[in-house]
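Take a look at the structure set out below.
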There are 2 protein chains.
Amino acid sequence: MVRSSPTVRKVADHAGVSIATVSRVTRRPDLVASDTRERVERAISELGYRPSHFGQALVDRRHSAIGVVFPGLSGPYYYDVIQGFEAEAIAARLSVLILGTHHVRNDEQVLDMATRVDGIAVLGGTASEETIRTLARQGMPLALLAQHPVDDVPAVRVDNYAAMYDLTSHLLDTHGYESIVFLGDPTNSPDLTDRWNGLVAAHRARRRTPPAEPIKIGIDQPNGLKTVARLLASTNSPRAIVCANDETALGAYAAAAAAGVRIPEDLALTGFDDIPMAGLVSPGLTTVSQPMRELGACVAQILLAQIRGDRPIPPDVILATTLLIRGSCGCRDGPNSPT
Amino acid sequence: MVRSSPTVRKVADHAGVSIATVSRVTRRPDLVASDTRERVERAISELGYRPSHFGQALVDRRHSAIGVVFPGLSGPYYYDVIQGFEAEAIAARLSVLILGTHHVRNDEQVLDMATRVDGIAVLGGTASEETIRTLARQGMPLALLAQHPVDDVPAVRVDNYAAMYDLTSHLLDTHGYESIVFLGDPTNSPDLTDRWNGLVAAHRARRRTPPAEPIKIGIDQPNGLKTVARLLASTNSPRAIVCANDETALGAYAAAAAAGVRIPEDLALTGFDDIPMAGLVSPGLTTVSQPMRELGACVAQILLAQIRGDRPIPPDVILATTLLIRGSCGCRDGPNSPT
DNA sequence: TTGAAAGCGATACCAT
DNA sequence: ATGGTATCGCTTTCAA
């Protein structure tokens, strides 16, 4: 069957008016006499007419849509960011196109998306700098999320380096761990690269020896569980593990439970993000809270500002993080009981 | 700044040819003399030209894109489904538009998406039947995922009722539980409605009294944890809980661990979906495995078939599930140790 | 208040 | 092999 949603012309015929009048009814109803308008509106609802976006886009030379490129679509972190992004977009009456690259760079799809939207938010590591520059050169409004600015392309992020420096310092100073294992693969992830560097720097500042390498794993529950289970079974299993995010740490909780290893007595554990589960497990997960919804909202606003033509655009917005000390690092747990 | 990605005209001027020739180079390069072609190709890459989708869409009267509407974007279930869906779409050279409705019906956004794509897959409960009928009447290719067919709109799903009937029967017969609590809110979710009905029917078939109501909660880890923590603290806490999906069950594991309740000795637990974590926790989670990737792929294929105009379209595809008995129901756990 | 017509970007038919 | 031009759906300017 051929797609045949009604067009302006069909509605115009149905209502016995010109296509110009139909268009006016949908865009500037005040310009149309009320009886004519009623007739047209009836035709519109009878036929279920909606102006085709490509017709409008062609005239307006904009798509009334913005896009966001994510490495994955799984997990609470992305979910909150998308929510913040969408809320801003909807308030501005724009549609949102989401592209999940599944943790592989996919420049072709990003360029394709670029022909369907008025602006694109790129999450750290999902598009090459070359692609970003190509789009920027064409005047495509862009905003980077969770990565450093590229040339004149603005970025929104948190200071992952400082946050991880502080968190590591807490483990090193307050709890006296000698050296702390880092779980998570910084490859292609500016966020994780900064976190790893923060951990290394905190060691160096105290003349401690940081681990030679991060343990490069995908940052989700299954990988956290499997890897920590393996570590706990090895001869010199670590006393303290810094996980690159909360979900990896949650996997570590399961591994510890299975191995009969107590947190924090036998193993100190920390996460990053402060997802809803982090405060509910027991002991509570010591982590760094990021304003995820705000990150998404802010990057959308920066896109909108560019589309509107506002100037200047803030080139590098850094939102604040909070170190959240709960029980998993060895501190006494706060009153965040699961209820 | 005004968006100004290069158009056919700019490229044509740059290369000193007509716009028709530029179009030929991108669509039927064999029709263009090699030296002209080279000149045009150089102009294209210098200007970073990509044919605008709305121009093409206008002529072709199709968008070269298909859409998928999801209740949420969080969690392994949706992730796998999307992966399967995207793989098919990419193979057919179509872009994918994803719409997350965040567990509220959002007909307006679905109708908006309809003006940007050639076909839409709707996941159970994300669009009203009225909207589905409206789109179907206009000839929009549609496919339903995880819900029953609506009129002539085809559906792809698993037999949730039968799967839950079998799972509940196992708990009732093999492990002898009297009555089993169901965790999850069936409202607006055809999938969960079928699961709840399956649990009730399995009770009735044995003249047992099913619970009067499901415990209506969102089916994620935090809700699972909080709710089970509350149940375990109550006076007659349940001996067996059927969770509407695995993530809810994973939250229940954390609640049990915190309360010192042993699984399965003190509390039997089951899930649904068989996400990666289900086989890794200890004891392994007894659950029902769904072919999630295949569900996504199949629904995409049905969309593609409609777009191509194939006939007939299978009206109701039901994919097989597998009952996965692990340790959390009380059976002896298999050899799925976390390694 | 309404209609006729130009034009947005790309394609494909018809000429040349 | 290449160019001119009508066309897709819609909006908007200009006339009436």
Side-chain angles (χ1 to χ4, degrees), chain A residues 2-41 43-44 47-65 112 114-118 138-140, chain B residues 2-41 43-44 47-65 112 114-118 138-140:
Chain A
V2 174
R3 282 283 290 112
S4 63
S5 47
T7 71
V8 249
R9 232 165 299 268
K10 254 176 244 155
V11 177
D13 291 350
H14 202 78
V17 296
S18 74
I19 59 169
T21 300
V22 175
S23 181
R24 274 185 211 108
V25 170
T26 60
R27 304 278 279 211
R28 307 282 317 271
D30 52 304
L31 296 180
V32 181
S34 58
D35 55 335
T36 315
R37 183 171 54 215
E38 265 177 41
R39 208 148 29 97
V40 173
E41 277 165 352
I44 286 178
L47 273 60
Y49 167 75
R50 292 210 131 213
S52 135
H53 261 299
F54 56 55
Q56 294 187 321
L58 201 50
V59 175
D60 298 344
R61 302 211 276 161
R62 49 199 195 80
H63 299 269
S64 300
D112 188 272
T115 70
R116 297 176 185 271
V117 298
D118 306 317
Q138 291 172 13
M140 167 65 67
Chain B
V2 174
R3 281 282 290 116
S4 62
S5 46
T7 71
V8 248
R9 232 166 299 270
K10 256 177 240 152
V11 177
D13 291 350
H14 201 78
V17 296
S18 74
I19 60 168
T21 299
V22 175
S23 181
R24 271 184 217 111
V25 170
T26 60
R27 304 278 281 210
R28 306 281 318 270
D30 52 302
L31 296 181
V32 181
S34 58
D35 54 335
T36 315
R37 185 171 53 214
E38 266 175 40
R39 206 148 30 95
V40 173
E41 277 165 352
I44 286 177
L47 274 59
Y49 167 76
R50 293 209 131 214
S52 133
H53 262 300
F54 55 55
Q56 294 187 322
L58 200 50
V59 174
D60 297 345
R61 303 212 271 165
R62 49 199 197 81
H63 299 270
S64 300
D112 187 275
T115 70
R116 299 176 183 273
V117 298
D118 305 318
Q138 291 171 13
M140 167 66 67

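Heavy atoms only: backbone and side chains are in, while hydrogens, waters and symmetry mates are out. Source: prediction; values computed, not measured. Below, read A as the first sequence line, B as the second, and so on, with proteins coming before strands; counting in each chain starts at 1.
- Contact annotation: A:Ser52 does not reach the phosphate of D:dG9 (side-chain N/O to OP1 or OP2, under 4.0 Å).
- Side chain of B:Ala33, nearest nucleotide from D:dG9, D:dG4, D:dA1: D:dA1.
- Residue B:Ala20 has its side chain nearest to C:dA12 when only D:dG9, C:dA4, C:dA12 are considered.
- Using modelled atom types, no side-chain atom of B:Arg116 and backbone atom of A:His53 make a donor-acceptor pair closer than 3.5 Å.
- To the nearest 0.5 angstrom, B:Thr7 atom OG1 is 9.0 Å from B:Leu47 atom CG.
- For the pair A:His53 NE2 and D:dC8 C1', the interatomic distance rounds to 17 Å; values are reported in whole Å.
- A heavy-atom distance below 4.5 Å is not found between the side chains of A:Val32 and A:Val17.
- When distances are taken from the side chain of A:Ile19 to each of D:dT11, C:dT11, D:dT12, the shortest belongs to D:dT11.
- Atom-to-atom distance recorded for A:Arg37:CZ and A:Asp30:CG is 8.0 Å, nearest 0.5 angstrom.
- Separating the CZ atom of A:Arg37 from the P atom of C:dT1 is a distance of 10 Å, rounded to the nearest angstrom.
- Atom NE2 in A:His63 sits 9.5 Å away from atom CG in A:Leu58 (nearest 0.5 Å).
- Among the nucleotides D:dC10, D:dT12, C:dA12, the one closest to the side chain of B:Arg27 is C:dA12.
- Distance check: B:Arg24 CZ to B:Ser18 OG gives 6.0 Å after rounding to the nearest 0.5 Å.
- The two residues B:Arg50 and A:Thr115 come nearest to each other via the heavy atoms CB-CG2, 4.1 Å.
- The distance between atom CZ of B:Arg62 and atom C1' of C:dG9, rounded to the nearest whole Å, is 16 Å.
- The residue B:Arg28 sits apart from the nucleic acid: no heavy atom pair falls under 4.0 Å.
- Sequence order on DNA chain C of the closest nucleotides to A:Thr21 and B:Thr7 puts A:Thr21 first from the 5' end.
- Nucleic acid contact for B:Arg24: base, since at least one base atom lies under 4.0 Å from a heavy atom of the residue.
- For B:Tyr49, a side-chain nitrogen or oxygen approaches OP1 or OP2 of C:dA10 to under 4.0 Å.
- A:Val32 comes within 4.0 angstrom of sugar-phosphate atoms only, judged by non-hydrogen atoms across all strands, and of no base.
- If you measure from atom NE2 of A:His63 to atom P of D:dC10, you get 16 Å, rounded to the nearest angstrom.
- Taking atom CZ of A:Arg50 as the reference point, atom C1' of D:dC10 lies 15 Å away to the nearest angstrom.
- Atom pair B:Ile44:CD1 and C:dA10:C1' shows a separation of 13 Å (rounding to whole Å applied).
- The shortest distance between the side-chain N/O atoms of B:Thr26 and the OP1/OP2 oxygens of C:dT11 is below 4.0 Å.
- Remark: P of C:dT1 and CD of A:Glu38 are 15 Å apart, rounded to the nearest angstrom.
- The distance between atom CD of A:Gln56 and atom P of D:dC10, rounded to the nearest whole Å, is 8 Å.
- Axis angle across the helix from C:dT1-D:dA16 to C:dT16-D:dA1, with five pairs used at each end and values rounded to 10°: 50°.
- With hydrogens and angles disregarded, no donor-acceptor distance shorter than 3.5 Å links the side chain of A:Gln56 to the backbone of A:Pro51.
- Among the atoms of the strands shown, only primed sugar atoms or phosphate atoms (P, OP1, OP2) are found under 4.0 Å from some heavy atom of B:Val17.
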